[in-house]
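What follows is a short report on a single structure.
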Amino acid sequence: MTMHAADGPGRTTPPRPLDVESLFPGLAAHRRTATRLHPRPGAPGPHDSHVGGPLLWPADDPWPVCTTPHRRAPGPGPLPLLALAQLHARDVPDLPAGPDGCDLLQVFWCPFDAHGPTGHGMYVHLRWRRAAEVRAAAEEQPEPGAVGFRGYVPTPCLLHPERVTEYPYIELLTGELGAAVEEWEEAQEEAAHEAEEVAEASGEETPDAAWPPSYQSDLSIAPGWKAGGHAAWNLTGPGPMDCEACAGSMELLLTVATNEWHTDSVSWIPLEDRQRNPTGVVVGNHGRLNVFACTRDPAHPHGFSVQ
């Protein structure tokens with residue numbers, strides 16, 4: 001299903017190369033939908049869902065700032081945060097509900113790596129609001145006077161939301177289901193190595209279509225920017241994400257990604273284009289930021305994981 005938050009053509013994910021529930025019926029119980037945001041360069045306005053554009057921000061609401069000292073930032077005062085994204089619930093069906101009926105999520109981050117216990121982490125700030133309550137929007141939004149890393153500065157993009165089906169990260173599958181998927185995945189990897197050896201022997205490159213699909217790359221979690229769905233744990237492996245306020249469970253709210261697709265996930269490339277990094281954003285070591293929300297109370301502090 002494709003929704004259009006922007007004028008013009010949407011983006012369409014090709015059908016999955018295999019019906020994974022036919023292979024493993026037990027996965028049906030773990031099925032979730034996610035909304036791929038498909039950001040593409042454009043000229044968003046304050047009423048649009050977008051990456052890197054002007055926010056629907058009340059003129060009388062103080063702009064969020066970072067109070068951590070930054071060696072390369074001019075002046076001693078707090079540093080205005082960069083506006084990263086704005087998502088309207090009307091455009092993004094898998095955006096988890098906000099607190100108290102809020103339907104607009106606004107995402108900020110600091111353009112310097114100088115936060116957290118190591119002093120090298122990112123600082124992300126989220127703000128929920130009701131879009132209809134913004135009577136007088138700010139005509140200008142503050143910007144920091146310096147940027148520590150260009151990858152924090154997003155290219156203004158409109159969104160082309162599309163709903164897809166996802167399944168859990170492979171290491172989170174347990175019991176007989178997990179064992180069956182792992183065994184099948186190993187067989188697919190062996191087939192991939194054999195295809196590579198044949199290609200090398202013939203002096204040719206293996207075309208994408210010749211690679212056997214894998215659960216991890218093709219059948220489970222969509223790459224790129226998205227709302228909802230399942231989180232990928234490719235860097236650290238799965239870790240507990242419990243709410244610091246109530247110790248309750250948290251679910252994926254938003255994924256901010258460096259790339260819309262990877263060399264091992266070409267089956268997810270939309271039919272309309274092959275743009276790999278349309279936002280210009282770089283997360284960590286060219287990875288992704290997963291943002292989690294409490295399932296008991298979305299007003300509780302968010303959780304973050306860089307993968």
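For clarity, every value in this text was computed on a predicted model and none was experimentally measured.
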Establish whether Val107 and Met241 are linked, either directly or via other cluster members, by ILVMFWY side-chain heavy-atom contacts under 4.5 Å. no
CZ (Arg276) and NE2 (His262) are apart, to the nearest 0.5 Å, by 7.0 Å
Taking Gly224's backbone N and O only, do any of them form a donor-acceptor pair with Trp261's side chain (distance below 3.5 Å, no angle check)? no
Inter-residue atom distance Leu18.CG - Asp218.CG, 0.5 Å rounding: 8.5 Å
If you apply the rule side chain to side chain contact (heavy atoms under 4.5 Å, CB included), what do you find for Arg163 with Asp94, and how did you get there? CA-CA 8 Å; Arg163 212 169 195 185; Asp94 290 294; 2.9 Å; yes
Are Phe304 and Val256 packed together at the side-chain level, in the sense that at least one heavy-atom pair is separated by less than 4.5 angstrom? no
Can the ring centres of Tyr167 and His30 be said to be less than 6.0 Å apart? no
Under a 4.5 Å side-chain heavy-atom rule over Ile, Leu, Val, Met, Phe, Trp and Tyr, are Trp233 and Val306 clustered together? no
Do Val51 and Met122 share a hydrophobic cluster, counting only Ile, Leu, Val, Met, Phe, Trp and Tyr and linking them when any side-chain heavy atoms are less than 4.5 Å apart? yes
Distance in Å, Asp60 CG paired with Arg135 CZ, rounded so as to fall on 0.5 Å steps: 12.5 Å
Aromatic ring centroids of Trp109 and Tyr152 under 6.0 Å? yes
side-chain hydrogen bond (donor to acceptor under 3.5 Å, both in side chains) partner of Tyr169, the single match among Gln216, Gln307, His230: Gln216
Which heavy atom in Cys294 sits nearest to a heavy atom in Met250, and how many Å separate them? N-CE, 3.7 Å
In terms of heavy-atom contacts, Leu158 and Ala43 come closest through CD1-N, 4.2 Å
So that I can tick it off, tell me whether Asp273 and Arg40 are bridged by a salt bridge, with the cut-off set at under 4.0 angstrom between side-chain N and carboxylate O. yes
Charged N-O contact under 4.0 Å between Arg129 and Asp103: no
What verdict does the side chain to side chain contact (heavy atoms under 4.5 Å, CB included) test give for Tyr215 and Leu173, after you've listed the backbone C-alpha separation in whole Å, the side-chain angles of each residue and the deciding distance to 0.1 Å? CA-CA 11 Å; Tyr215 177 83; Leu173 298 175; 3.7 Å; yes
Does the side chain of Arg36 reach to within under 4.5 Å of the side chain of Pro223, using non-hydrogen atoms? yes
Taking all non-hydrogen atoms of both residues into account, name the closest pair between Gly53 and Pro44 and its distance. CA-CG, 3.8 Å
When you compare the side chain of Thr258 with that of Val281, does any pair of heavy atoms fall below 4.5 Å? no
Given the rule in the salt bridge (Lys or Arg N to Asp or Glu O under 4.0 Å) test, do Glu251 and Arg32 qualify, once you have shown the distances and angles that lead to the verdict? CA-CA 11 Å; Glu251 291 188 352; Arg32 288 184 186 174; 3.7 Å; yes
For Glu183, enumerate each residue passing the salt bridge (charged side-chain N to carboxylate O under 4.0 Å, His left out) test, keeping only those at least two apart in sequence or located in another chain. none
I want to check something: taking the side chain as every heavy atom from C-beta on, are Trp268 and Pro14 in contact at a cut-off of under 4.5 Å? no
So, Trp57 side chain and Asp61 main chain: donor-acceptor pair closer than 3.5 Å or not? yes
Any sub-3.5 Å donor-acceptor pair from His125's side-chain atoms to Val65's backbone N or O? no
Go through Arg296 and Cys243 one step at a time and tell me if the side chain to side chain contact (heavy atoms under 4.5 Å, CB included) criterion holds. CA-CA 9 Å; Arg296 294 179 180 174; Cys243 177; over 6 Å; no
Less than 4.5 Å apart, side chain to side chain, heavy atoms only: is that true for Thr155 and Pro278? no
Of Gln275, Arg11, Glu162, His160, which meets side-chain hydrogen bond (donor to acceptor under 3.5 Å, both in side chains) against His38? Glu162
Gln86 and Pro46: which non-hydrogen atoms are nearest, and at how many Å? NE2-O, 2.8 Å
When you measure from the side chain of His115 to the backbone N and O of Gly119, does any donor-acceptor pair fall under 3.5 Å? no
CG/Leu235 to OG/Ser305 distance, rounded to the nearest 0.5 angstrom? 8.0 Å
Indicate yes or no: does Lys226 engage Glu166 in a salt bridge with an N to O separation below 4.0 Å. yes
pair Thr68-Tyr123: side-chain heavy atoms closer than 4.5 Å: no
Going by salt bridge (charged side-chain N to carboxylate O under 4.0 Å, His left out), name the pairs with one or both residues in residues 185-194, residues two or more places apart or in two chains. none
4.5 Å side-chain heavy-atom contact, Leu55 and Phe108: yes
At their closest point, which heavy atom of Leu219 faces which heavy atom of Arg16, and how far apart are they? CD2-CB, 4.3 Å
Donor-acceptor pairs under 3.5 angstrom involving side-chain atoms of residues 284-291: please list them, not counting sequence neighbours.
unit_1 : atom_1 : unit_2 : atom_2 : d
Asn290 : OD1    : Thr255 : OG1    : 3.0
Asn290 : ND2    : Ala232 : O      : 3.1

Counting N and O atoms only, with roles assigned by atom type, does the side chain of Trp63 sit under 3.5 Å from a partner on the main chain of Leu81, one being a donor and the other an acceptor? yes
With the side chain counted from C-beta on, respond yes when His70 and Cys110 share a heavy-atom pair under 4.5 Å apart, and no when they do not. yes
To the nearest 0.5 Å, tell me how far Trp225 CH2 sits from Leu87 CG. 8.5 Å
Assigning hydrophobic clusters by single linkage (Ile, Leu, Val, Met, Phe, Trp, Tyr; side-chain heavy-atom cutoff under 4.5 Å), is Ile221 placed with Leu172? yes
Starting from the C-alpha separation in whole Å, work towards a yes-or-no answer on side chain to side chain contact (heavy atoms under 4.5 Å, CB included) for Val164 and Thr35. CA-CA 6 Å; Val164 296; Thr35 301; over 6 Å; no
If you measure from CG on Leu82 to CG on Leu84, what distance do you get to the nearest 0.5 Å? 8.5 Å
Quick one: do Leu159 and Leu95 end up in the same hydrophobic cluster if we chain Ile, Leu, Val, Met, Phe, Trp and Tyr together by side-chain heavy atoms under 4.5 Å apart? yes
Does a side chain donor of either Thr295 or Ser249 reach within less than 3.5 Å of an acceptor in the other side chain? yes
I need the minimum non-hydrogen distance between Asp48 and Arg90, along with the two atoms involved. CA-NH2, 4.3 Å
